[in-house]
Each structure stands twice: as C-alpha cells, then as structure tokens.
Amino acid sequence: QVQLVESGGGLVQAGGSLRLSCAASGRTFSNNAMGWFRQAPGKEREFVAAVNWSGGRTNYADSVKGRFTISRDNAKNTVYLQMNSLKPEDTAVYYCAARILGLLATMRNDYRYWGQGTQVTVSS
C-alpha cells in the first residue's frame, strides 16, 4: 500500500510558475514509477508526466513538454512537478500516482495508487 499526498497547488498568473510535491508513504517508494495526471472540469483525467523508479527516465505530454519538469528524491520519498510558463489551459486538479512497477507509463490504468489531488488555477 502506498499513500500519496500532493501539495503546492494554488492560483498563479499566466506565465508564472508553481512546484507541486507529492509525498509518499507506505511500501518502498524507490521501487515505484511515479506520474502526474490532471483533470479539468468536464474533461477526462489526462497524463502530464512520468518518471521511472530511479529518476533516470522521464516522459511528458506534448502539451507540457519544455515547460514542465518531473523529478524525484527517493531519499525524501517525494516526487515533484516543476511547472513554468503556465497557461490558463493548465488549470486543473493535479493528481500524483504510483505504479507497482518501476518502469514509467502514461496510461491511467497502469497506476495503482492515487493522491487526492491539488488544484492549480492559472489566470489570464
């Protein structure tokens, strides 16, 4: 079992930055690939970014590539999402997720554990 708690969301103007954090507890964090997803009102939850167990491999949705960076600190059991050059269309609830495997993935069904989400609102 893995428990995930997101933090760092908030209200920011377009062009601004935020850093989301996801603190994990439970089974060995360093064995799990981690991902960030987001869900805007009336839309499906979509993939944002993923990182493998070691942090050595990452993957991003095209819509955030070059603006967002996912990273992890296995010593702190935490994964981060640095979001720069934010746009109003980035407004959503952002969810942290953990796989039971170490290889990164981009599909929702590949992730076993989910956090409660943190709201990110980007004003124009």
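One N or O on the side chain of Asn32 and one on the backbone of Arg99 form a donor-acceptor pair closer than 3.5 Å. In this structure, Thr58 contributes its side chain and Val51 its backbone to no donor-acceptor pair below 3.5 Å. Of the possible polar contacts, none joining the Arg72 side chain to the Gly55 backbone as a donor-acceptor pair under 3.5 Å is found. Judged purely by atom type and a 3.5 angstrom limit, Tyr111 has no side-chain atom pairing as donor or acceptor with the backbone of Cys96.
How far OG of Ser124 is from CD of Gln13: 9.5 Å, rounded to the nearest 0.5 Å. Here the straight-line distance linking atom OG of Ser17 with atom CZ of Arg67 works out to 10.0 Å at 0.5 Å rounding. Between atom CG of residue Leu11 and atom CD of residue Gln119 there is a gap of 9.5 Å, rounded to the nearest 0.5 Å. For the atom pair Leu103 CG and Trp53 CH2, the distance stands at 10.5 Å (nearest 0.5 Å). Here CH2 of Trp36 is found 13.0 Å from CZ of Phe47. Values are rounded to the nearest 0.5 Å.
Shown here for Ala92 and Ala40, the closest heavy-atom pair between the two residues is CB-N, 3.8 Å. Minimum heavy-atom separation, Thr78 to Lys76: OG1-O, 2.8 Å. Here the closest heavy-atom approach between residue Leu4 and residue Ala24 is recorded as CD2-CB, 3.6 Å. In terms of heavy atoms, Val120 sits closest to Gly9 at CG2-CA, 4.1 Å. Heavy-atom minimum distance, Gly102 versus Ala33: O-CB, 3.4 Å. The two residues Ser85 and Asp90 make their nearest non-hydrogen contact at O-OD2, 4.5 Å.
Side-chain contact between Met83 and Leu20: present, with at least one pair of heavy atoms (C-beta onward) separated by less than 4.5 Å. Contact check for Arg45 versus Trp114: side-chain heavy atoms found under the 4.5 Å cut-off. In this structure, Tyr113 and Gln1 have side chains that are in contact, with non-hydrogen atoms separated by less than 4.5 Å. Taking the side chain as every heavy atom from C-beta outward, Tyr94 and Glu6 never approach each other to under 4.5 Å. Considering only heavy atoms from C-beta on, Arg38 stays 4.5 Å or farther from Leu81 through its side chain. For the pair Gln82 and Asn84, the minimum side-chain heavy-atom distance is below 4.5 Å. When side chains are defined from C-beta on, Phe68 counts as touching Leu86, because their heavy atoms get closer than 4.5 Å. A 4.5 Å side-chain heavy-atom check between Phe29 and Met34 finds at least one atom pair inside the cut-off.
Criterion: ILVMFWY side-chain heavy atoms under 4.5 Å apart, direct or through other members. Under it, Val2 and Tyr95 are not part of a common hydrophobic cluster. Val12 is not connected to Tyr80 by any chain of hydrophobic side-chain contacts under 4.5 Å among Ile, Leu, Val, Met, Phe, Trp and Tyr, and they are in different clusters. By the rule that hydrophobic residues join a cluster once side-chain heavy atoms approach within less than 4.5 Å of another member, Phe37 and Val93 end up as members of one cluster. Hydrophobic cluster membership is shared by Val64 and Ile70, with clusters built from Ile, Leu, Val, Met, Phe, Trp and Tyr side chains linked at under 4.5 angstrom.
Of the N and O atoms on the side chains of Asn59 and Arg57, not one donor lies less than 3.5 Å from an acceptor on the other residue.
Residues passing the salt bridge (Lys or Arg N to Asp or Glu O under 4.0 Å) test with Arg108 are Glu44, sequence neighbours excluded.
If you run side chain to side chain contact (heavy atoms under 4.5 Å, CB included) between Ser30 and each of Asn74, Asn77, Asp73, only Asn74 comes through.
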Candidate pair Lys65 and Asp62, rule salt bridge (charged side-chain N to carboxylate O under 4.0 Å, His left out), full reasoning: CA-CA 5 Å; Lys65 205 169 291 184; Asp62 288 343; 3.1 Å; yes

